[in-house]
Amino acid sequence: PEKRRADPSLKDLSEDKVAGLLAQNGPFAKVFSGFEHRAEQEQMLAGVTKAMYHNQHLVVEGGTGVGKSMAYLLPSALFALSKGQRVVISTNTINLQEQLMNKDIPALTQVLEESGLVERGVLKAALLKGRSNYLCLRRWNHLARSESPTIDDARLLSKTSVWMQDTLSGDRAEINLSGKDFGSWGHISAGEKGFCPGLRDGSPCFLRASRQRAEEAHIVVVNHALLLSDLARGGGLIPDYQHLVVDEAHNLEDEATRQLGFSIAQDKLDEVWEPQARLTVQVRQAMAAEGLESAIRNEAESAVSTVESEGSRVRQIWARLWSEVERFQANQRSGPGDNGSQLLITPTIRSSQSWDELHLAWENLDVGLQQAAHNVDRLYRFLDSTELPGASDQPALVMEAANLMDDVESLRGQFESILGNPMDDNIHWVSNDQVRGNFTISLNSAPLEIGSTLAADLFQEKDSVVLTSATLSTEGSFDYFKSRVGVGSDSTELLVGSPFDYQKAAQLLIPEDMPAPNSDDYISALVRALTDLGVTMKGHTMALFTSYASLRAVAQRLRAPLMAENIQVLAQSVDGSPQQLMTRFAEEPNSVLLGTASFWEGVDLPSGLLKALVLTRLPFQVPTDPVVKARSDQYDDPFSQYSVPQAVLRFRQGFGRLIRNKEDTGTVVIMDNRITGRGYGQSFLRSIPPCTLTPSSIATVGQLAARWIS
Ligand code: SF4
């Protein structure tokens, strides 16, 4: 990082002084009118400051209400300014990114400037996203020149044509993309691979502009996906940095699994090969111009026609491979590793006869894809070395050819890593998913564990990494989290509790007559309790599920009795997307919201809306999921060493949805009797803040919850 960005007036700013900024009578208290001193925040700030100034890694859990973002932003900003360093901050969700960029960093800058600590306009922060988020003007023009764009492409071109005149960032988040727009966006966004003529020739480019802003910034905000893909390719996407803060770090393992894994669906070839027609048509148009030497024309004709004829040949081999995959999956039905819709590919399966046939189909496809890549490469070389006077934008043609070649090559590499030469440290499986009523088959890969990769590429490489979240510990220990993400034992740990008084704010109910979650009466009991809660609390209730099947079953039976009382049911996927449901719940809180998956975390409803939170089941992962199964097999005692801590962290996330602010009060109802009936239940109870536990039954939850808030 360039020293020129250091602020000389801060050269002598000591670690102690930074750590004292949020003290009761410190500079913040004097300048910041809304400042509220929190000992927990001060403690976290001191921990982060120490880690940065002493080049240490820190794992810090900050309970809800600590004010974590300010506790790491303040030392990050001052450290970066005083040392001329760059600090990267990574978040998992867009919400947090927006909060940092639009609220927290501007507030921090204002206070630092008003307190005289930092000169006006010196501190710079930038948001940097993955390349494909930015509109590529060159590709947009290339698509616009296409004579017969698809309906989807044409719609996206018209949707973006006005916006692109005004936008400063070219960031797709500024426009409302939906459904098929996302597929077409890939045709006009900056390519992932970096064949960018404009990066050299200086023509206008949103990607380059955003990178420049990041180069100049002291604080660069990214998301985990970009952070991890930058690590995976050895840098180059994020400007060099040595200091990193990972917020929402509880998502790091899942995001790394996504970034280091991949999925090849049956229709992938269409997506990869789609730009070919546009490319060859435009090359032919350029060739048609007058005055082209016949030798060049012949060479061009040969290069273009081999690429054109490639498509149908590869499609045939492709179709054969997928019918082999289907046959193979059918052969293994009900065998070990098969859970009905997913089949884990184990070494035993690889030695079966049906595997040999699949392997043969792959060998054919491999040759076909190699040939296709070779032919596209030939066209690419031709375009790169021979000027076609009739081409309206030859660099764009070169770029499209390079991108196509790269996409074909990486597709070939992905197949090889699953079907050809699989690595032991990866998990592979066949998946048969129902998408909008149709079954789609896919081949998938994920890393067996990400700890060693992160240890080598992140923790050993960077001077200081601060990992933070409200939920990193299980029963007060960080061991599980640290082992999963590969942070070493030399890292520092800090556990900062919530400043909220949970005894006063939250009541905990565990109905003693709740049937076991796998019993026939379970859904009926859940419906009874939710009806009671919905009516007595006049909505204001959210229930978190671990499966869509039980969510739908409950929603169906809940609707009539609640509708009769004017309470609406908002069920995820049935009544709308998570975002739509949250908006509706905020507008009409006389609702019972039923959510799964993403609702367990990151849902921040406006204060006072949620009065009752129902955790329907302990959120264990599905044990037959290929990734879960393969990872579990690495433990001596998979249940207690892997499944329980993982579920405890998720449970804590879910629990944390209720009390978001100092003023919030409400009731958490746990409808899974294993929490008291099984030994491991204590691990869950010991991991949440101590609340007021009131004895209850299914019939009394509504009444008790209503009494609590009154
Ligand atoms: S530099 Fe790359 S991303 Fe930027 S406009 Fe040019 S081709 Fe597109």
Side-chain angles (χ1 to χ4, degrees), residues 126-146 149 153 156-175 177 181-217 220 222-223 225-226 229-230 233-239 271-272 274-283 285-286 376-377 379-385 387-388 391-410:
L127 176 65
L128 183 64
K129 297 191 174 179
R131 297 169 62 101
S132 61
N133 286 278
Y134 298 100
L135 175 74
C136 167
L137 294 167
R138 199 151 216 149
R139 298 192 81 195
W140 192 94
N141 283 317
H142 176 72
L143 187 65
R145 275 195 297 272
S146 159
D153 286 348
L156 186 66
L157 284 171
S158 86
K159 211 175 202 177
T160 46
S161 61
V162 176
W163 164 73
M164 65 189 272
Q165 314 291 333
D166 299 329
T167 177
L168 294 177
S169 70
D171 180 352
R172 73 173 180 188
E174 290 180 1
I175 42 168
L177 297 183
D181 290 343
F182 288 102
S184 291
W185 176 262
H187 303 150
I188 59 169
S189 62
E192 282 299 338
K193 303 293 169 8
F195 295 104
C196 270
L199 288 182
R200 280 173 259 146
D201 71 15
S203 44
C205 170
F206 293 119
L207 172 67
R208 192 183 54 234
S210 81
R211 285 188 53 92
Q212 262 162 9
R213 284 192 292 274
E215 290 278 352
E216 289 159 15
V220 180
V222 301
N223 64 10
L226 178 60
S229 54
D230 181 62
R233 53 152 80 188
L237 298 177
I238 302 175
E271 187 190 315
V272 168
E274 194 272 347
Q276 172 267 322
R278 210 165 33 247
L279 170 68
T280 48
V281 164
Q282 291 197 11
V283 177
Q285 282 168 352
V376 178
D377 182 40
L379 178 60
Y380 160 73
R381 282 168 200 277
F382 168 76
L383 291 170
D384 198 32
S385 59
E387 196 185 335
L388 294 176
S392 45
D393 184 356
Q394 191 158 347
L397 296 179
V398 175
M399 178 177 69
E400 291 298 330
N403 281 339
L404 179 59
M405 181 179 66
D406 218 79
D407 288 348
V408 174
E409 271 298 350
S410 70

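Atoms within each ligand, like the ligands themselves, are counted from 1 in listed order. Numbering of residues begins at 1 and proceeds along the displayed sequence.
At a 4.0 Å cut-off, at least one heavy atom of M399 sits close enough to ligand 1 to count as contact.
Atom 4 (Fe) of ligand 1 has an N, O or S atom of C205 inside 2.8 Å of it.
Taking CD of E400 as the start and CZ of R138 as the end, the distance is 10.5 Å to the nearest 0.5 Å. Q282 contributes atom CD, which lies 12.0 Å from atom CG of L388 (distance to the nearest 0.5 angstrom).
Atoms of ligand 1 found under 4.0 Å from any heavy atom of C136 (numbered from 1 in listed order, with element): 3 (S), 5 (S), 7 (S), 8 (Fe). Every atom of ligand 1 with a heavy atom of A190 under 4.0 Å away is listed here by number and element: 3 (S).
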Notebook entry, point to check: When you look at R145 and Q285, which way does the side chain to side chain contact (heavy atoms under 4.5 Å, CB included) test go after all the steps?
Noted result: CA-CA 11 Å; R145 275 195 297 272; Q285 282 168 352; over 6 Å; no
Next item on the list: Please report the C-alpha distance between D393 and H142 in whole Å, then the side-chain angles of each, then the deciding distance to 0.1 Å, and finally whether the side chain to side chain contact (heavy atoms under 4.5 Å, CB included) criterion is met.
Entry: CA-CA 8 Å; D393 184 356; H142 176 72; over 6 Å; no
